[in-house]
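These numbers come from the heavy atoms of this one structure, side chains and all, not from hydrogens, waters or symmetry mates. When a ligand or atom number is given, it counts from 1 through the structure's own listing order.
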Amino acid sequence: MKLHNFNSGPSILPQPVLTQAAEAVLNYNNTGLSLLEIGHRTAWFQEILQEAKDSVKQLMELDDSYEILFLHGGATTQFMQVPMNLLDTHATAAYCDHGVWGNKAWKEASLFGKVKVVADSSDQQYRYINKGFDIPSDAAYLHLTSNNTVEGTQWHNFPETAVPLVADMSSDIFSRPANYNRFSLIYAGAQKNMGAAGVNLVVVKKEILGKVARTIPTIMNYQKHIEAGSLMNTPPVFAVYVSMLTLRWIIQEGGLDAMGIRNQKKSSLLYDTIDANPLFDAPVAVEDRSQMNAVFFLKDHALEAPFLDLCKKEGMIGVKGYRTVGGIRVSMYNALPIESVTSFCDLLHFFTQKHG
Ligand SMILES: *Cc1c(COP(=O)(O)O)cnc(C)c1O
């Protein structure tokens, strides 16, 4: 049976990336060595790292005022590392709380300085993104989560502000074109749209660094990582390689314009199908719906278990909603083919004919 991988993360990767990564584990580029047994300071790995960095800059159209880092720890480490590097003890950072991840991010930041939550949609179960809220002009930065993986909302217009913008883009990185040069710092754990778990991408504008008074532990210090060219210590070599292959694939497929068009098509097809279906309800504010993670519910809760059973039987993987949210969540990252969405929509019709 053909499987359709709607996992929320780690999640689907392009088939050619998996094939090349598998080959590299046995024999990297006909060197006779596994990628897992070569040094991170060899010319081989230097090339991999350089291509990965160049690809990020090319895709996001960033100039040399930005540095690209590949760091350990997952996005959760960035919840701490961002304020450690950017927020002085007596300064204030502005945070948007639009779900599980944004909530964790501001709580972590409050360990380092003052935090003002300037936007919060928990009054409606995080089913929308606040607009037109005030941002204190003296805030060290404004932090937002570009795509709320758990709740299924996504920023479609980033706030206009003179305050430096910081974004957790873990679940929609490289999914669409945008003015990425409006951000001072962007981070993303790789395992949703970019590669294998175990590495973080950090894109940082150099001018925002070096301004806090605290002593930053070396391994947490962005400036020290920049000086060391992402090679302060052994980087997650394999995870960086998989990210590089995925970035190469995105470029070959036509870059962020092509990804944006595909993701728009896939998500419209799914949301249109849900909206037209009498059994299902997608309660997220229409203008804030995520192109990456669609969250929806069966109006009759008793039908949820049979629906999930049918999904399982038909090879639809990873569609159960997050444990605190419930319902159904369908993740449609870059590598998910439109055929998987079409098959899922067919399944919705089939289920509705049986139970409607
Ligand atoms: C998955 C996710 C995280 C957590 O990533 P880890 O790599 O597990 O630390 C943080 N933010 C967002 C938006 C996510 O989707």
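- At least one N or O atom of T149, backbone or side chain, sits closer than 3.5 Å to an N or O atom of ligand 1.
- In this structure, a donor-acceptor pair under 3.5 Å is present between the side chains of N147 and S290.
- Between T153 and R127 the shortest side-chain heavy-atom distance does not fall below 4.5 Å.
- Residues D288 and K131 are paired through a salt bridge, judged by an N-O separation under 4.0 Å between the basic side chain and the carboxylate.
- Of the heavy atoms in F79, only side-chain atoms (C-beta onward) come closer than 4.0 Å to ligand 1.
- Using a 4.5 Å cut-off between side-chain heavy atoms of Ile, Leu, Val, Met, Phe, Trp and Tyr, with links allowed through other members, Y126 and Y271 fall into different hydrophobic clusters.
- Atom OG of S170 is separated from atom CE of M292 by 13.0 Å, given to the nearest 0.5 angstrom.
- An N or O contact shorter than 3.5 Å links A75 to ligand 1 by distance.
- The N/O atoms of T145, backbone and side chain alike, include none that comes under 3.5 Å of an N/O atom in ligand 1.
- Atoms of ligand 1 lying under 4.0 Å from at least one heavy atom of G74, given by number and element, are 7 (O), 9 (O).
- Ring centroid separation for the pair F183 and F158 comes in under the 6.0 Å cut-off.
- Residue, atom and distance of the protein heavy atom nearest to atom 9 (O) of ligand 1 are T76 OG1, 2.5 Å.
- The distance from the OH atom of Y222 to the CD atom of E227 is 15.5 Å, given to the nearest 0.5 Å.
- Considering CE of M316 and CG of L348, their distance stands at 9.0 Å, rounded to 0.5 Å.
- For atom 1 (C) of ligand 1, the closest heavy atom belonging to the protein is K192 NZ, 1.3 Å.
- Scanning the protein for heavy atoms near atom 11 (N) of ligand 1, the closest one is D168 OD2, 2.6 Å.
- Set against the non-hydrogen atoms of S171, the atoms of ligand 1 under 4.0 Å away are 15 (O).
- Backbone and side-chain nitrogen or oxygen atoms of T77 are examined, and none is located within less than 3.5 angstrom of a nitrogen or oxygen of ligand 1.
- Atom 8 (O) of ligand 1 has as its closest protein heavy atom Q191 NE2, 3.6 Å.
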